Amino acid sequence: MITRPTEGWWRLGTFPEVFLERVDTALLAFEAEVTALGVASDQAVMAAVEHVVVALNQIDGTDDHDIDTVDREELCEYIDDVLTHAGIDVEALARRRGIDPAELTDEWREW
């Protein structure tokens, strides 16, 4: 089972509840989209990554909370974990796109 970063954030109690609910909604939608892909093309996988990153962009800065560096690292690790759990080789995907695996979200990420 993949642990969403928000599970730890809820325990910290330093994030606004509505912010966490919005992030959880975006992450759950990403999990569902990736799960529904089955055997997917690189384009379909990257579309799912784009969808979650854009959703998180829209959440960032709302409810008096910004996604900071630590949050960003946890979210990026989570995205990789969801993809890996779905059987997607993130390193191979990144190589085929000519990027480092750590740059998977960079094209769309504003946080």
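Predicted, not measured: the structure shown is a model, and the values here were computed from it.
Evaluation of the side chain to side chain contact (heavy atoms under 4.5 Å, CB included) rule for Thr69 yields Arg72, Glu73 as partners, not counting sequence neighbours. Residues meeting the side chain to side chain contact (heavy atoms under 4.5 Å, CB included) test with Ala26, sequence neighbours left out: Ala55, Leu56, Ile59. Here Phe19 pairs with His65 under the ring pair (Phe, Tyr, Trp, His ring centres under 6.0 Å) rule; sequence neighbours left out. Under the side chain to side chain contact (heavy atoms under 4.5 Å, CB included) criterion, Ala44 pairs with Leu37, Ala40, Ser41, sequence neighbours left out. In this structure, the side-chain hydrogen bond (donor to acceptor under 3.5 Å, both in side chains) partners of Asn57, at least two apart in sequence or on a different chain, are Trp111. Shown here are the side chain to side chain contact (heavy atoms under 4.5 Å, CB included) partners of Asp64, two or more places apart in sequence or in another chain: there are none.
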message: For Val23 and Asp71: C-alpha separation, side-chain torsions, deciding distance, then whether side chain to side chain contact (heavy atoms under 4.5 Å, CB included) applies.
response: CA-CA 11 Å; Val23 173; Asp71 304 336; over 6 Å; no

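Closest of all the heavy-atom pairs between Trp108 and Val49 is CZ3-CG1, 3.9 Å.
Hydrophobic clustering keeps Val54 apart from Leu28 (ILVMFWY residues linked when any side-chain heavy atoms are closer than 4.5 Å, directly or through intermediates). Under the 4.5 Å side-chain heavy-atom criterion for Ile, Leu, Val, Met, Phe, Trp and Tyr, Ile2 and Val45 are members of the same hydrophobic cluster. Cluster annotation: Ile99 and Leu75 are assigned to the same hydrophobic cluster (Ile/Leu/Val/Met/Phe/Trp/Tyr, side-chain heavy-atom contacts under 4.5 Å, transitive). Under the 4.5 Å side-chain heavy-atom criterion for ILVMFWY residues, a single connected hydrophobic cluster contains both Leu27 and Leu12.
For the pair Val52/Glu33, no side-chain contact is recorded, criterion being any heavy-atom separation below 4.5 Å from C-beta on. Phe30 is not listed as a side-chain neighbour of Val53, based on a closest heavy-atom distance of 4.5 Å or more.
With a 6.0 Å radius and a threshold of 12 heavy atoms from other residues, nucleotides or ligands, Glu7 has its CD atom above the threshold.
Residue pairs meeting the salt bridge (Lys or Arg N to Asp or Glu O under 4.0 Å) criterion with at least one member in residues 20-29, sequence neighbours excluded, are Arg4-Asp24, Arg22-Asp63. Legend: side-chain hydrogen bond (donor to acceptor under 3.5 Å, both in side chains) pairs involving residues 77-92, not counting sequence neighbours, sorted by first then second residue: Glu31-Tyr78. Annotation: salt bridge (Lys or Arg N to Asp or Glu O under 4.0 Å) contacts involving residues 95-111, sequence neighbours excluded, comprise Asp42-Arg96, Arg97-Glu107, Asp106-Arg109.
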